[in-house]
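The first residue in the sequence is number 1, and the count goes up from there. Below, each value reflects all heavy atoms present in this structure, side chains not excepted, and no hydrogens, waters or symmetry copies. Every number for a ligand or one of its atoms is a count from 1 in the order of the listing.
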Amino acid sequence: MNNLMSTTQEIKLRLAIQKSGRLHDDSIKLLKECGIDISNGMNKLKADATNFPLELFFLRDDDIPQYVEDGVADIGFVGENVVFEKKKKITITEKLGFGKCRLSMAIQRHEQYNGTQFLAGKKIATSYPVIVGDFLKEKGINAEIHEISGSVEIAPGIGLADAICDLVSSGSTLFMNGLKETEVILESQAVLVKNNQLDDARQQLLSRLLFRIQSVKKAKNNKYILLNAPNHNLQQIIGLLPGMRSPTVLPLAEEGWSSVHSVLNENEFWDIIEQLKAAGAQGILVVPIEKMIM
Ligand code: PRT
Ligand code: ZN
(Lines give C-alpha, C1' and ligand atoms only; values in the text may rest on other atoms or scores of the structure.)
(Ligands and ions follow the chains in the order given, each with its own letter.)
Protein backbone atom coordinates (compact mmCIF):
# COMPACT_ATOMS: atom_id res chain seq x y z
CA MET A 1 0.00 0.00 0.00
CA ASN A 2 2.77 2.34 0.97
CA ASN A 3 4.70 1.48 -2.14
CA LEU A 4 1.70 2.06 -4.32
CA MET A 5 1.06 5.47 -2.84
CA SER A 6 4.58 6.66 -3.31
CA THR A 7 4.58 5.56 -6.98
CA THR A 8 1.35 7.46 -7.61
CA GLN A 9 2.81 10.54 -5.98
CA GLU A 10 5.85 10.46 -8.25
CA ILE A 11 3.91 10.74 -11.50
CA LYS A 12 4.52 14.13 -13.05
CA LEU A 13 3.14 15.83 -16.08
CA ARG A 14 6.05 16.62 -18.41
CA LEU A 15 5.60 19.97 -20.15
CA ALA A 16 7.84 21.20 -22.98
CA ILE A 17 8.16 24.96 -23.44
CA GLN A 18 10.44 27.13 -25.55
CA LYS A 19 13.90 27.48 -24.00
CA SER A 20 14.32 31.06 -25.14
CA GLY A 21 12.53 33.23 -27.65
CA ARG A 22 9.18 34.88 -28.07
CA LEU A 23 7.09 32.27 -26.24
CA HIS A 24 9.35 31.61 -23.25
CA ASP A 25 8.38 34.45 -20.91
CA ASP A 26 4.64 34.18 -21.58
CA SER A 27 4.76 30.42 -21.01
CA ILE A 28 6.37 30.90 -17.58
CA LYS A 29 3.97 33.76 -16.82
CA LEU A 30 0.94 31.60 -17.60
CA LEU A 31 2.21 28.87 -15.26
CA LYS A 32 2.71 31.48 -12.54
CA GLU A 33 -0.83 32.76 -13.04
CA CYS A 34 -1.95 29.15 -12.65
CA GLY A 35 -0.27 29.18 -9.25
CA ILE A 36 2.60 26.98 -10.40
CA ASP A 37 6.08 27.95 -9.22
CA ILE A 38 9.16 26.72 -11.02
CA SER A 39 12.30 25.93 -9.08
CA ASN A 40 15.38 27.80 -10.25
CA GLY A 41 17.45 26.23 -12.99
CA MET A 42 15.83 27.93 -15.99
CA ASN A 43 19.16 27.67 -17.81
CA LYS A 44 19.18 23.92 -17.62
CA LEU A 45 17.33 21.47 -19.81
CA LYS A 46 14.79 20.65 -17.10
CA ALA A 47 13.18 22.19 -14.04
CA ASP A 48 10.56 21.06 -11.54
CA ALA A 49 7.47 22.81 -10.32
CA THR A 50 7.62 23.16 -6.55
CA ASN A 51 3.86 23.01 -5.91
CA PHE A 52 2.36 20.96 -8.75
CA PRO A 53 3.37 17.55 -10.15
CA LEU A 54 4.92 19.11 -13.22
CA GLU A 55 8.32 18.79 -14.83
CA LEU A 56 9.42 21.41 -17.38
CA PHE A 57 11.60 20.72 -20.42
CA PHE A 58 13.18 23.69 -22.18
CA LEU A 59 13.46 23.04 -25.92
CA ARG A 60 13.62 24.76 -29.31
CA ASP A 61 10.07 25.43 -30.40
CA ASP A 62 10.58 23.45 -33.64
CA ASP A 63 11.38 20.31 -31.65
CA ILE A 64 8.39 20.43 -29.29
CA PRO A 65 5.83 18.63 -31.57
CA GLN A 66 8.23 15.72 -32.10
CA TYR A 67 8.99 15.35 -28.38
CA VAL A 68 5.27 15.36 -27.58
CA GLU A 69 4.47 12.84 -30.32
CA ASP A 70 7.22 10.53 -29.04
CA GLY A 71 5.94 10.87 -25.47
CA VAL A 72 9.24 12.25 -24.15
CA ALA A 73 7.05 15.17 -23.08
CA ASP A 74 3.35 14.70 -22.33
CA ILE A 75 2.30 18.19 -23.35
CA GLY A 76 3.83 21.30 -24.88
CA PHE A 77 3.23 25.02 -25.30
CA VAL A 78 4.04 25.92 -28.92
CA GLY A 79 2.87 28.13 -31.79
CA GLU A 80 0.09 26.72 -33.98
CA ASN A 81 2.25 27.65 -36.97
CA VAL A 82 4.86 25.14 -35.81
CA VAL A 83 2.21 22.48 -35.07
CA PHE A 84 0.73 22.74 -38.59
CA GLU A 85 4.15 22.80 -40.23
CA LYS A 86 5.44 19.72 -38.43
CA LYS A 87 2.25 17.65 -38.89
CA LYS A 88 2.99 15.33 -35.96
CA LYS A 89 0.36 13.04 -34.46
CA ILE A 90 -0.48 15.24 -31.49
CA THR A 91 -3.66 17.01 -30.39
CA ILE A 92 -4.22 20.74 -29.97
CA THR A 93 -6.09 20.92 -26.67
CA GLU A 94 -6.29 24.61 -25.72
CA LYS A 95 -5.48 28.00 -27.22
CA LEU A 96 -3.31 29.93 -24.79
CA GLY A 97 -3.99 33.52 -25.84
CA PHE A 98 -0.39 34.67 -26.32
CA GLY A 99 2.17 34.59 -29.17
CA LYS A 100 -0.46 35.86 -31.58
CA CYS A 101 0.70 36.38 -35.16
CA ARG A 102 -0.28 35.48 -38.72
CA LEU A 103 1.49 33.62 -41.49
CA SER A 104 1.16 35.81 -44.56
CA MET A 105 2.21 36.11 -48.17
CA ALA A 106 4.03 39.32 -49.04
CA ILE A 107 5.43 40.80 -52.23
CA GLN A 108 7.47 43.86 -53.12
CA ARG A 109 5.52 47.03 -52.51
CA HIS A 110 5.74 48.33 -56.09
CA GLU A 111 4.31 45.12 -57.58
CA GLN A 112 0.71 44.97 -58.72
CA TYR A 113 -1.19 42.22 -56.88
CA ASN A 114 -4.04 40.55 -58.74
CA GLY A 115 -5.04 37.91 -56.19
CA THR A 116 -3.52 34.53 -55.39
CA GLN A 117 -2.97 33.95 -59.14
CA PHE A 118 -0.06 36.39 -58.84
CA LEU A 119 1.95 33.53 -57.34
CA ALA A 120 1.61 31.22 -60.36
CA GLY A 121 5.05 30.34 -61.73
CA LYS A 122 6.75 32.48 -59.08
CA LYS A 123 9.39 31.69 -56.47
CA ILE A 124 8.23 31.92 -52.83
CA ALA A 125 10.75 32.04 -49.98
CA THR A 126 9.55 30.68 -46.64
CA SER A 127 10.44 28.74 -43.50
CA TYR A 128 7.03 27.06 -43.76
CA PRO A 129 7.26 24.88 -46.90
CA VAL A 130 4.60 22.41 -45.73
CA ILE A 131 1.92 24.99 -44.92
CA VAL A 132 2.70 26.98 -48.07
CA GLY A 133 2.67 23.79 -50.16
CA ASP A 134 -0.76 22.84 -48.80
CA PHE A 135 -2.05 26.35 -49.45
CA LEU A 136 -0.85 26.38 -53.09
CA LYS A 137 -2.28 22.92 -53.68
CA GLU A 138 -5.65 23.95 -52.30
CA LYS A 139 -5.68 27.01 -54.56
CA GLY A 140 -4.50 24.96 -57.55
CA ILE A 141 -1.44 27.16 -58.08
CA ASN A 142 1.92 25.98 -59.35
CA ALA A 143 4.79 27.89 -57.77
CA GLU A 144 8.29 27.12 -56.62
CA ILE A 145 8.88 27.00 -52.87
CA HIS A 146 12.32 28.06 -51.73
CA GLU A 147 12.91 27.01 -48.13
CA ILE A 148 15.08 29.30 -46.01
CA SER A 149 15.39 29.24 -42.27
CA GLY A 150 15.93 32.87 -41.31
CA SER A 151 15.70 36.47 -42.62
CA VAL A 152 13.08 35.45 -45.15
CA GLU A 153 12.10 39.09 -45.60
CA ILE A 154 15.30 40.01 -47.45
CA ALA A 155 14.79 37.37 -50.19
CA PRO A 156 12.83 39.52 -52.70
CA GLY A 157 15.24 42.46 -52.31
CA ILE A 158 18.25 40.35 -53.26
CA GLY A 159 16.49 38.65 -56.16
CA LEU A 160 16.16 35.27 -54.41
CA ALA A 161 12.38 35.15 -54.60
CA ASP A 162 9.32 36.97 -56.00
CA ALA A 163 7.29 36.59 -52.83
CA ILE A 164 7.71 35.46 -49.24
CA CYS A 165 5.50 33.72 -46.73
CA ASP A 166 6.45 34.58 -43.16
CA LEU A 167 5.08 35.34 -39.72
CA VAL A 168 3.85 38.89 -39.20
CA SER A 169 2.76 40.63 -36.02
CA SER A 170 3.11 44.44 -36.23
CA GLY A 171 4.01 44.42 -39.94
CA SER A 172 7.08 46.62 -39.41
CA THR A 173 9.56 43.98 -40.65
CA LEU A 174 7.69 43.77 -43.96
CA PHE A 175 7.47 47.54 -44.17
CA MET A 176 11.17 48.08 -43.50
CA ASN A 177 12.03 45.63 -46.25
CA GLY A 178 9.84 47.28 -48.87
CA LEU A 179 7.25 44.51 -48.81
CA LYS A 180 3.45 44.49 -48.57
CA GLU A 181 1.24 41.81 -47.07
CA THR A 182 -1.09 40.33 -49.66
CA GLU A 183 -2.81 37.35 -48.05
CA VAL A 184 -3.12 35.78 -44.60
CA ILE A 185 -2.66 32.02 -44.79
CA LEU A 186 -2.93 31.18 -41.11
CA GLU A 187 -3.84 33.03 -37.90
CA SER A 188 -1.69 31.64 -35.12
CA GLN A 189 -1.18 31.75 -31.36
CA ALA A 190 0.46 29.59 -28.74
CA VAL A 191 -1.47 26.40 -28.02
CA LEU A 192 -1.26 23.51 -25.61
CA VAL A 193 -0.60 20.27 -27.47
CA LYS A 194 -0.80 16.82 -25.94
CA ASN A 195 0.46 13.35 -26.65
CA ASN A 196 -2.24 11.10 -28.11
CA GLN A 197 -1.64 8.23 -25.67
CA LEU A 198 -1.61 9.92 -22.27
CA ASP A 199 -2.23 7.46 -19.43
CA ASP A 200 -5.05 8.09 -16.97
CA ALA A 201 -2.88 9.58 -14.24
CA ARG A 202 -1.29 12.12 -16.58
CA GLN A 203 -4.64 12.87 -18.23
CA GLN A 204 -5.95 13.73 -14.76
CA LEU A 205 -3.03 16.05 -14.10
CA LEU A 206 -3.63 17.67 -17.48
CA SER A 207 -7.30 18.21 -16.59
CA ARG A 208 -6.24 19.98 -13.39
CA LEU A 209 -3.82 22.18 -15.33
CA LEU A 210 -6.42 22.94 -18.03
CA PHE A 211 -8.97 23.93 -15.40
CA ARG A 212 -6.48 26.49 -14.07
CA ILE A 213 -5.53 27.76 -17.53
CA GLN A 214 -9.17 28.23 -18.47
CA SER A 215 -9.87 30.13 -15.23
CA VAL A 216 -6.93 32.45 -15.91
CA LYS A 217 -8.05 33.02 -19.52
CA LYS A 218 -11.64 33.77 -18.50
CA ALA A 219 -10.46 36.21 -15.85
CA LYS A 220 -8.31 38.05 -18.39
CA ASN A 221 -11.31 38.53 -20.67
CA ASN A 222 -13.51 39.89 -17.90
CA LYS A 223 -13.62 42.82 -15.48
CA TYR A 224 -15.39 43.21 -12.18
CA ILE A 225 -17.56 46.31 -12.12
CA LEU A 226 -19.09 48.14 -9.14
CA LEU A 227 -21.38 51.14 -9.53
CA ASN A 228 -23.97 53.22 -7.75
CA ALA A 229 -27.42 53.21 -9.32
CA PRO A 230 -30.42 55.43 -8.61
CA ASN A 231 -33.24 53.09 -7.57
CA HIS A 232 -35.68 54.58 -10.08
CA ASN A 233 -33.42 53.32 -12.91
CA LEU A 234 -32.25 50.14 -11.18
CA GLN A 235 -34.10 47.70 -13.45
CA GLN A 236 -32.74 49.36 -16.58
CA ILE A 237 -29.19 49.25 -15.20
CA ILE A 238 -29.48 45.62 -14.11
CA GLY A 239 -30.76 44.81 -17.59
CA LEU A 240 -27.48 46.07 -19.07
CA LEU A 241 -25.34 43.85 -16.84
CA PRO A 242 -25.01 40.12 -17.47
CA GLY A 243 -23.09 39.00 -14.34
CA MET A 244 -22.05 35.41 -13.66
CA ARG A 245 -25.63 34.54 -12.68
CA SER A 246 -27.19 37.93 -12.21
CA PRO A 247 -25.78 41.15 -10.74
CA THR A 248 -25.51 41.61 -6.96
CA VAL A 249 -27.59 44.54 -5.67
CA LEU A 250 -27.05 46.06 -2.20
CA PRO A 251 -28.76 49.11 -0.67
CA LEU A 252 -26.55 52.17 -0.14
CA ALA A 253 -26.68 54.12 3.15
CA GLU A 254 -28.10 56.99 1.13
CA GLU A 255 -31.84 56.60 0.51
CA GLY A 256 -32.86 55.93 -3.10
CA TRP A 257 -29.52 54.47 -4.22
CA SER A 258 -28.12 50.95 -4.63
CA SER A 259 -24.69 49.49 -5.19
CA VAL A 260 -24.57 47.06 -8.14
CA HIS A 261 -21.75 44.51 -8.69
CA SER A 262 -21.24 42.48 -11.82
CA VAL A 263 -18.78 40.98 -14.32
CA LEU A 264 -18.31 42.40 -17.82
CA ASN A 265 -16.67 40.91 -20.87
CA GLU A 266 -13.75 42.88 -22.35
CA ASN A 267 -15.33 42.92 -25.82
CA GLU A 268 -18.58 44.61 -24.80
CA PHE A 269 -17.00 46.65 -22.02
CA TRP A 270 -16.97 50.22 -23.41
CA ASP A 271 -20.37 49.87 -25.06
CA ILE A 272 -21.99 48.88 -21.78
CA ILE A 273 -20.15 51.51 -19.71
CA GLU A 274 -21.54 54.23 -21.98
CA GLN A 275 -25.06 52.87 -21.66
CA LEU A 276 -24.70 52.60 -17.87
CA LYS A 277 -23.67 56.24 -17.62
CA ALA A 278 -26.58 57.26 -19.82
CA ALA A 279 -28.90 55.34 -17.46
CA GLY A 280 -27.64 57.35 -14.46
CA ALA A 281 -25.00 55.05 -13.00
CA GLN A 282 -22.36 56.86 -10.94
CA GLY A 283 -19.07 56.07 -9.19
CA ILE A 284 -18.27 53.26 -11.61
CA LEU A 285 -15.26 51.18 -10.48
CA VAL A 286 -13.69 48.62 -12.78
CA VAL A 287 -11.38 46.04 -11.23
CA PRO A 288 -9.27 43.32 -12.86
CA ILE A 289 -10.17 39.75 -11.94
CA GLU A 290 -7.38 37.37 -11.02
CA LYS A 291 -9.14 34.02 -11.43
CA MET A 292 -12.64 33.14 -12.54
CA ILE A 293 -14.02 29.76 -11.48
CA MET A 294 -17.35 28.93 -13.12
O1 PRT B 1 15.12 29.06 -30.93
P2 PRT B 1 13.75 28.64 -31.33
O3 PRT B 1 13.74 27.75 -32.57
O4 PRT B 1 13.00 28.06 -30.18
O5 PRT B 1 12.97 30.00 -31.68
P6 PRT B 1 12.56 30.66 -33.09
O7 PRT B 1 13.58 31.69 -33.42
O8 PRT B 1 12.23 29.64 -34.10
O9 PRT B 1 11.16 31.31 -32.72
P10 PRT B 1 10.77 32.74 -32.12
O11 PRT B 1 11.17 32.82 -30.70
O12 PRT B 1 11.17 33.84 -33.05
O13 PRT B 1 9.19 32.59 -32.25
C14 PRT B 1 8.50 31.60 -31.56
C15 PRT B 1 7.02 31.67 -31.92
O16 PRT B 1 6.50 32.97 -31.60
C17 PRT B 1 6.68 31.52 -33.39
O18 PRT B 1 6.69 30.16 -33.82
C19 PRT B 1 5.28 32.12 -33.44
O20 PRT B 1 4.33 31.15 -33.04
C21 PRT B 1 5.34 33.22 -32.37
N22 PRT B 1 5.43 34.58 -32.95
C23 PRT B 1 4.57 35.59 -32.67
C24 PRT B 1 6.34 35.07 -33.81
C25 PRT B 1 6.02 36.41 -34.06
N26 PRT B 1 4.92 36.71 -33.33
C27 PRT B 1 6.85 37.19 -34.95
N28 PRT B 1 6.55 38.36 -35.18
N29 PRT B 1 7.44 34.51 -34.38
C30 PRT B 1 8.22 35.24 -35.19
N31 PRT B 1 7.97 36.55 -35.51
C32 PRT B 1 8.98 37.23 -36.42
C33 PRT B 1 8.71 37.01 -37.90
O34 PRT B 1 9.30 35.80 -38.33
C35 PRT B 1 9.37 38.23 -38.54
O36 PRT B 1 10.76 38.06 -38.65
O37 PRT B 1 8.96 38.64 -36.23
C38 PRT B 1 9.12 39.30 -37.49
C39 PRT B 1 7.84 40.03 -37.85
O40 PRT B 1 7.39 40.80 -36.77
P41 PRT B 1 6.72 42.25 -37.03
O42 PRT B 1 6.24 42.70 -35.71
O43 PRT B 1 7.80 43.12 -37.60
O44 PRT B 1 5.60 42.04 -38.02
ZN1 ZN C 1 12.31 27.74 -33.98
Asker: Which residue and atom name correspond to the protein heavy atom nearest atom 7 (O) of ligand 1, and how close is it?
Answerer: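 Going atom by atom, the protein heavy atom closest to atom 7 (O) of ligand 1 ends up being Gln18 NE2, 4.9 Å.
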
Asker: So, of the N/O/S atoms that Asp61 has, which is the nearest one to the Zn ion (ligand 2)?
Answerer: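 Asp61's closest N, O or S atom to the Zn ion (ligand 2) is named OD1.
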
Asker: Quick one: which of Asp166, Asp61, Leu23 has a heavy atom closest to atom 9 (O) of ligand 1?
Answerer: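 Minimum heavy-atom distance to atom 9 (O) of ligand 1 goes to Asp61.
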
Asker: Nearest protein heavy atom to atom 17 (C) of ligand 1, by residue and atom, and its distance?
Answerer: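 The answer is Asn81 ND2, 3.7 Å.
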
Asker: Heavy-atom distance to atom 38 (C) of ligand 1: which of Val168, Val82, Thr173 wins?
Answerer: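 Heavy atom nearest to atom 38 (C) of ligand 1 belongs to Thr173.
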
Asker: Among Lys220, Arg212, Lys291, whose salt bridge (charged side-chain N to carboxylate O under 4.0 Å, His left out) with Glu33 holds?
Answerer: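 Option passing the salt bridge (charged side-chain N to carboxylate O under 4.0 Å, His left out) with Glu33: Lys220.
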
Asker: Answer side chain, backbone, both or neither: which part of Cys101 comes under 4.0 Å from ligand 1, heavy atoms only.
Answerer: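 Near ligand 1, Cys101 shows its side chain, while the N, CA, C and O stay back.
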
Asker: Quick one: do Asp162 and Lys123 make a salt bridge, cutoff under 4.0 Å?
Answerer: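 No, this pair does not count.
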
Asker: Give the atom numbers and elements of ligand 1 that come within less than 4.0 Å of a heavy atom of Gly21.
Answerer: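 Answer for ligand 1: 11 (O).
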
Asker: Can you tell me how far apart CG (Leu56) and CD1 (Ile28) are? Round to the nearest 0.5 Å.
Answerer: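 Interatomic distance, Leu56 CG to Ile28 CD1, rounded to 0.5 Å: 5.5 Å.
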
Asker: Short list, please: which atoms of ligand 1 are under 4.0 Å from a heavy atom of Gly79?
Answerer: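 Under 4.0 Å from Gly79, ligand 1 has these atoms: 20 (O).
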
Asker: Distance from Leu119 atom CG to Cys165 atom SG, nearest 0.5 Å?
Answerer: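 It comes to 9.0 Å.
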
Asker: Relative to the ring of Phe77, is the ring of Phe98 parallel (under 30°), tilted (30 to 60°) or perpendicular (over 60°)?
Answerer: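 It falls in the perpendicular class, over 60°.
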
Asker: Is the shortest heavy-atom distance from the side chain of Asp166 to the side chain of Thr173 under 4.5 Å?
Answerer: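 Counting from C-beta outward, Asp166 and Thr173 never come under 4.5 Å.
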
Asker: If I apply the N/O under 3.5 Å rule, does Leu174 come out as touching ligand 1?
Answerer: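 No.
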
Asker: For Asn142, I'd like to know if atom CG has over 12 heavy atoms of other residues, nucleotides or ligands within 6.0 Å.
Answerer: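 No, CG of Asn142 has 12 or fewer neighbouring heavy atoms, counting only those of other groups under 6.0 Å.
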
Asker: Would you check whether Ser172 has a nitrogen or oxygen atom less than 3.5 angstrom from a nitrogen or oxygen atom of ligand 1?
Answerer: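 Looking only at distances, the answer is yes, because the N/O contact criterion of under 3.5 Å is met.
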
Asker: Which ligand 1 atoms does Gly171 reach within 4.0 Å, using its non-hydrogen atoms?
Answerer: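 Those of ligand 1 that fall under 4.0 Å from Gly171 are 41 (P), 42 (O), 44 (O).
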
Asker: Hydrophobic clusters here meaning ILVMFWY residues chained together by side-chain heavy-atom distances under 4.5 Å, can you tell me if Ile145 and Ile154 are in one?
Answerer: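 No, separate clusters.
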
Asker: Tell me the protein heavy atom at minimum distance from atom 35 (C) of ligand 1, and give that distance in Å.
Answerer: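 For atom 35 (C) of ligand 1, the nearest protein heavy atom is Leu167 O, 3.6 Å.
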
Asker: Could you say whether the N/O atoms of Ser188 and ligand 1 ever approach to under 3.5 Å?
Answerer: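 In fact, backbone or side chain, Ser188 has no N or O that close.
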
Asker: Looking at atom 25 (C) of ligand 1, what's its closest protein heavy atom, distance included?
Answerer: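 Atom 25 (C) of ligand 1 sits closest to the protein heavy atom Arg22 CD, 3.6 Å.
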
Asker: In terms of hydrophobic clustering (I, L, V, M, F, W, Y; side-chain heavy atoms under 4.5 Å; direct or indirect links), are Ile185 and Ile148 co-clustered?
Answerer: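 Looking at the clustering, Ile148 is in a separate group from Ile185.
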
Asker: Classify the angle between the aromatic ring planes of Tyr224 and His261 as parallel (below 30°), tilted (30 to 60°) or perpendicular (above 60°).
Answerer: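 The arrangement is perpendicular - the two ring planes meet at more than 60°.
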
Asker: According to a 4.5 Å side-chain heavy-atom criterion applied to Ile, Leu, Val, Met, Phe, Trp and Tyr, with indirect links allowed, do Val82 and Val132 form part of one hydrophobic cluster?
Answerer: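 Yes; tracing contacts between hydrophobic side chains, which count when under 4.5 Å, links both residues.
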
Asker: Just jot down the ligand 1 atoms closer than 4.0 angstrom to any heavy atom of Ser170, in number order.
Answerer: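 Within the 4.0 Å cut-off of Ser170, ligand 1 contributes 41 (P), 42 (O), 43 (O), 44 (O).
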
Asker: Look at atom 1 (O) of ligand 1 and say which protein heavy atom is nearest, naming residue and atom and giving the distance to 0.1 Å.
Answerer: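 Going atom by atom, the protein heavy atom closest to atom 1 (O) of ligand 1 ends up being Arg60 NE, 3.7 Å.
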
Asker: How far is atom 40 (O) of ligand 1 from its nearest protein heavy atom, and which residue and atom is that?
Answerer: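 Here the nearest protein heavy atom works out to Ser169 OG, 3.5 Å.
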
Asker: Only N/O/S atoms count here: what is the atom of Asp62 closest to the Zn ion (ligand 2) called?
Answerer: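 Per the distance ranking, Asp62 contributes OD1 as its closest N/O/S atom to the Zn ion (ligand 2).
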
